[in-house]
Protein chains: 2
Amino acid sequence: MERSNTVGRNGQGLSPRADFLLADRTGYLLNKAAMLIAEDAERALETVGMRLRYFFVLTSLAGGPELSQQDLARLLNLDPTTVVALVDEMERNQHVERRRNPADRRRYTLVLTESGRTALSAAEQVVTDAEAAFFGPLTGAERAGMQDMLIRLLEGRWPSSVC
Amino acid sequence: MERSNTVGRNGQGLSPRADFLLADRTGYLLNKAAMLIAEDAERALETVGMRLRYFFVLTSLAGGPELSQQDLARLLNLDPTTVVALVDEMERNQHVERRRNPADRRRYTLVLTESGRTALSAAEQVVTDAEAAFFGPLTGAERAGMQDMLIRLLEGRWPSSVC
DNA sequence: TATTGTTATACTCTATAACTATA
DNA sequence: TATAGTTATAGAGTATAACAATA
């Protein structure tokens with residue numbers, strides 16, 4: 001049921017106009033949009049039995065250089081202890097192997113398995129579809145422009161090794 | 001069916017490029033950017049002793065129509081029980097008053113106090129500065145374009161009453 | 001019967017500290 | 001001494017269910 005607002009936002013006589021509205025805050029809009037696309041992607045991934053963070057890890061391992069658990073933690077802004085649990089799960093699913101790095105035997109090198117690649121492919125499809133739906137209101141050029149702007153905003157705040 | 005993939009990206013000669021890198025995912029970039037600006041804003045607000053969500057609530061109350069706690073929950077994607085705790089805190093700080101809505105005595109109308117407005121003003125300054133720094137890499141036109149695109153992406157997924 | 005605000009509770013997620021093995 | 005990974009645990013944050021008052 002909708003509320004009947006007796007007083008309009010822009011102050012029809014009474015209500016004082018605020019200096020900043022929520023919708024004026026680029027940062028707020030960014031957060032709201034991020035939340036919605038994350039929800040959409042999470043919902044899409046449910047159909048293939050995967051969580052979003054799991055998908056991010058698979059993508060990171062598939063696309064980049066060799067990564068250790070610490071690398072993953074830094075890259076995805078996860079706590080190292082969270083990565084342990086995640087990789088445990090991925091290893092149980094045989095999507096990832098831990099291989100000791102001979103150059104530094106403290107580290108594991110995380111290796112995507114064939115099965116992991118297969119799971120990733122299926123996940124990529126549903127996520128790509130979800131993104132296409134979400135960014136549907138934008139033209140291709142606009143979306144490319146947003147992509148470019150976001151990358152520039154992230155410049156220097158991204159762990160060196162990837163991207 | 002097993003791990004016959006010595007094809008991993010460790011092979012210097014034959015590293016297969018992934019179909020999608022993390023940086024190709026507009027959704028991922030959106031999330032990363034949102035996380036960073038939220039962190040920046042949170043850090044900026046520390047200097048005035050305020051949390052980001054608190055700031056969002058103050059902004060919502062200052063700028064919009066009368067809001068109940070349920071309205072706030074829907075607007076800011078918060079759980080109604082979380083809003084109770086938040087408003088409790090704001091009432092202790094005398095930034096907000098709960099007034100029974102005579103038209104529907106189940107609801108409170110949340111009213112910003114003068115002291116709340118003062119706190120909001122101080123917070124607006126530091127958040128505006130943090131946003132200016134974060135979006136510094138963009139031209140004014142670009143930032144306006146992003147603002148416009150974000151609003152279009154949120155269209156229809158925003159509670160009707162506000163924005 | 002449905003909704004607002006509330007409390008109590010359970011659950012999930014994340015952060016902290018300590019330990020090991022390597023460097 | 002410092003770092004990677006691990007474990008156990010504490011803490012924050014969130015969701016769930018039940019309830020009273022009101023519609």
Go through the structure and list residues passing side chain to side chain contact (heavy atoms under 4.5 Å, CB included) with [X], not counting sequence neighbours.
X      : answer
B:N93  : B:Y54, B:E89, B:H95
A:E39  : A:M35, A:L36, A:R43
B:R105 : B:R100
B:A41  : B:L52

Exercise for the section: For DNA chain C, find the residues of residues 43-53 of chain A with a heavy-atom distance under 4.0 Å and give them by number; none if there aren't any. Expected result: A:R51, A:R53
Practice task
Taking heavy atoms of chain A and a 4.0 Å limit, find me the 5'-most and 3'-most nucleotide of DNA chain D within that range.
Solution key: D:dA2 to D:dT7
Practice task
Answer with yes or no whether B:R106 presents, from its side chain, a donor or acceptor under 3.5 Å of a partner atom in the base of C:dT3.
Solution key: yes
Practice task
For DNA chain D, determine which residues of residues 79-95 of chain B have any heavy atom closer than 4.0 angstrom to one of its atoms, and list them numerically.
Solution key: B:D79, B:T81
Completion exercise
Assert: residue with more 5' nearest nucleotide on DNA chain C, out of A:A103 and B:Q69, is B:Q69
Practice task
Check whether any side-chain nitrogen or oxygen of B:R98 sits under 4.0 Å from OP1 or OP2 of C:dT6, and answer yes or no.
Solution key: yes
Practice task
May I ask you to check whether A:R106 and A:S68 show a side-chain donor-acceptor distance below 3.5 Å?
Solution key: no
Exercise for the section: Check whether B:L72 and B:V84 end up in the same hydrophobic cluster, where Ile, Leu, Val, Met, Phe, Trp and Tyr are linked by side-chain heavy atoms less than 4.5 Å apart. Expected result: no
For [X], which residues count as a side chain to side chain donor-acceptor pair (under 3.5 Å) partner, sequence neighbours excluded?
X      : result
A:T47  : none
A:Q147 : B:T26
A:E91  : A:R98

Exercise for the section: Keeping to residues at least two apart or across chains, list the salt bridge (Lys or Arg N to Asp or Glu O under 4.0 Å) pairs with something in residues 135-147 of chain A. Expected result: A:E131-A:R143, A:E142-B:R152
Practice task
Return each pair, listed once, that meets salt bridge (Lys or Arg N to Asp or Glu O under 4.0 Å) where at least one residue sits in residues 45-56 of chain A; pairs must be two or more places apart or across chains.
Solution key: A:E42-A:R51
Problem - Nucleotide C:dT4, atom P - distance to CG of B:D71 in whole Å - result: 8 Å
Fill in the blank from the handout: Here the distance between atom P of C:dG5 and atom CZ of B:R105, to the nearest Å, is 13 Å
